[in-house]
Amino acid sequence: MIRAISFPFRKGRSFLALSVMALLSVAASAHAAETIVLTGSSTVAPLMAEIGKRFEETHPNLRIDVQTGGSSRGVRDARAGLADIGMVSRPLTDSERDLTAFTLAYDGVAFILHKSNPVKTLTRQQIIDIFTGKVRDWSEIGPGRGTIVVENKAEGRSTLELFLTHFDIKSSDVKAAVVVGDNQEAIKVIAGNPLAIGYVSIGSAVTEAGLGVPIKPLPMDGVEATIDAVKQKRFPLVRELNLVVRKQPEGVVKEFIAYAQSDQVTDLVKDLYYVPVGH
Amino acid sequence: MFQSVIDSPRRHGVIDVRLRRTLWGVAGLASSIIAVVVAVVATEALPALRGVELPRFLNDPSWHPTNQRYNLAPMIAGTFLVAGGAVALGTLFGFLSAIFCCFYAPPRLAGLYRGVMELLAGIPSVILGLWGLTTLVPIVAAIKAPGFSVLSATLVLGLMIVPTIGLVAIASLQSVPRSLILGAEALGLPKWLTVVRIAFPAARSGLIASVVLGIGRALGETMAVMMVGGNIVQVPESLFAPVRTLAANIALEIPYAEGLHRSSLFVSGLFLTLVILVVLCIAEWLGPEPIHD
């Protein structure tokens, strides 16, 4: 699902897509369409591509152009005026105070186990030991026994990035038995393996667990993994998904940012398992 | 009715001309789409081919493309290992199934068995992958953890290839002229000799085609292998070690890949395409003409 959604924002990347776009946009360009350019985080990009599509429906002469390149590109392009809006999947740092951030949503990451796993909680050090291969059997942790099946995410995934930064681990130090792509695959693997441990977006974990999938999100530092904990930023592994601009937005850009923060796109935010602001 | 067609040779000719043009057009379109696909893959691969020296794709310390390490070798090995095992399994059981259907099974059972194979061929790979994930992987894990392994991937992929190879093999064995089989029977040859020495050589090109199709599917299959293989980038030490194939690597990483990372995934795609091309050429060279022509 995420994969299917994530392709459209690559328009203009490949030759084929480019030519198709060129054909499609002939009609629009005759009208000298206005374009809003967004660049930056690949975590935010799929969401903005979907929001952009919906916004375009009500603004026939407007084109929303979404390009990825990481949060740092988002900051750089917004500063240099190369993009109207930068996409940044973290809070702005002190040196970035010249920009203004508008928070779209929160993304939290929780560790999940199979429901039948007797382990109730893991410390920061235990998680690091498990994922770097220092601890290989559940019997070394506490209740339960059997070889731990460590599930990691593929390179480039935002949850991997957040996990590595939070625990200060290098990607090459992770000793995994399984690598998966998106959250749903990750959940399928855990649901099918009582000895496995993995991590996913909290939104997806809560949703799937609610549907009866046999997984169990673990609390972190004593905070339960819930949507509310993410929203209130009490959960340790949370980050903001932001749109950043250099100066106070005006006109259609302002309208678009307000739209992206509004109730009208809550369903799109939830489709990507992010937690909407406020509601 | 036939009479009227023959009576108007001019009209007949017009239809022929139109049909020929249409077919030329369709064939041209189909082959140019393939050319465009290859061209796009090559174009996308170009930045990595320029920015990373070719040998580095084989002897970089690891595959960590976000840290400028681009070693594809473990995944190339994994691809050939899994595909090779699956094709061996698929050929064995595919050919055996075909022999059973064409020579040993009573006609009704043969029809039923063929139906089952057609059904198996039609099952989407993600469903087979799901079956592998929930059933096969735990069984393998019971022998040796973690269960996501070369073995699981090979078995699932082999299962997918059995009908691919079997159905084409059945079709080619059935096209062996009846006179050859009857002649062999008249000479009093035992059935197995008829199969091995008469039917197989006569159906050679079709049988080779079936294996080539199987190889193509094995090299390109993504979803099922990705679900049961474990996708760890390493040269597997045993049948029970996890493995990542090139196709799985592309599917896993392309949605969020940037720059040279993305481009190097297209390099592996280009490589897969070339391998399949080479396989096709070898097949063409091995099985030029059916013997019974």
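To find a chain, count down the sequence lines: A is the first, B the second, and so on, and within it residues start at 1.
Residue contact with chain B, scored on non-hydrogen atoms closer than 4.5 Å, involves the backbone of A/Val180 exclusively. Proximity to chain B involves both the backbone and the side chain of A/Lys188, based on heavy atoms less than 4.5 angstrom apart. Residue contact with chain A, scored on non-hydrogen atoms closer than 4.5 Å, is absent for B/Ser62. In this structure, the portion of A/Thr147 lying under 4.5 Å from any heavy atom of chain B is its side chain and not its backbone.
Atom CG of A/Asp182 sits about 9.5 Å away from atom CG of B/Leu252, to the nearest 0.5 Å.
Counting heavy-atom pairs closer than 4.5 Å to chain B, the top residue among A/Ala176, A/Gly146, A/Gly192 is A/Ala176. Interface remark: of the candidates B/Val233, B/Ile232, B/Thr66, B/Asn67, B/Ile232 forms the most heavy-atom pairs closer than 4.5 Å to chain A. Heavy-atom pairs under 4.5 Å with chain A were tallied for B/Thr134, B/Asn231, B/Asn249; the largest tally goes to B/Asn231.
The neighbour count for A/Lys270 NZ, taken as heavy atoms of other residues, nucleotides or ligands under 6.0 Å away, does not exceed 12. Within 6.0 Å of atom CG in B/Asn59, more than 12 heavy atoms from other residues, nucleotides or ligands are found, so the atom counts as buried in its surroundings. Other residues, nucleotides and ligands contribute over 12 non-hydrogen atoms within 6.0 Å of the CZ atom of B/Phe240.
For the pair B/Met227/A/Glu185, no side-chain contact is recorded, criterion being any heavy-atom separation below 4.5 Å from C-beta on.
Residue B/Ala251 comes nearest to A/Arg157 through the heavy atom pair O-NH2, 4.4 Å, listed as atom of the first residue, atom of the second, then distance. Of all heavy-atom pairs spanning A/Glu155 and B/Pro65, the tightest one is OE1-CD, 3.6 Å.
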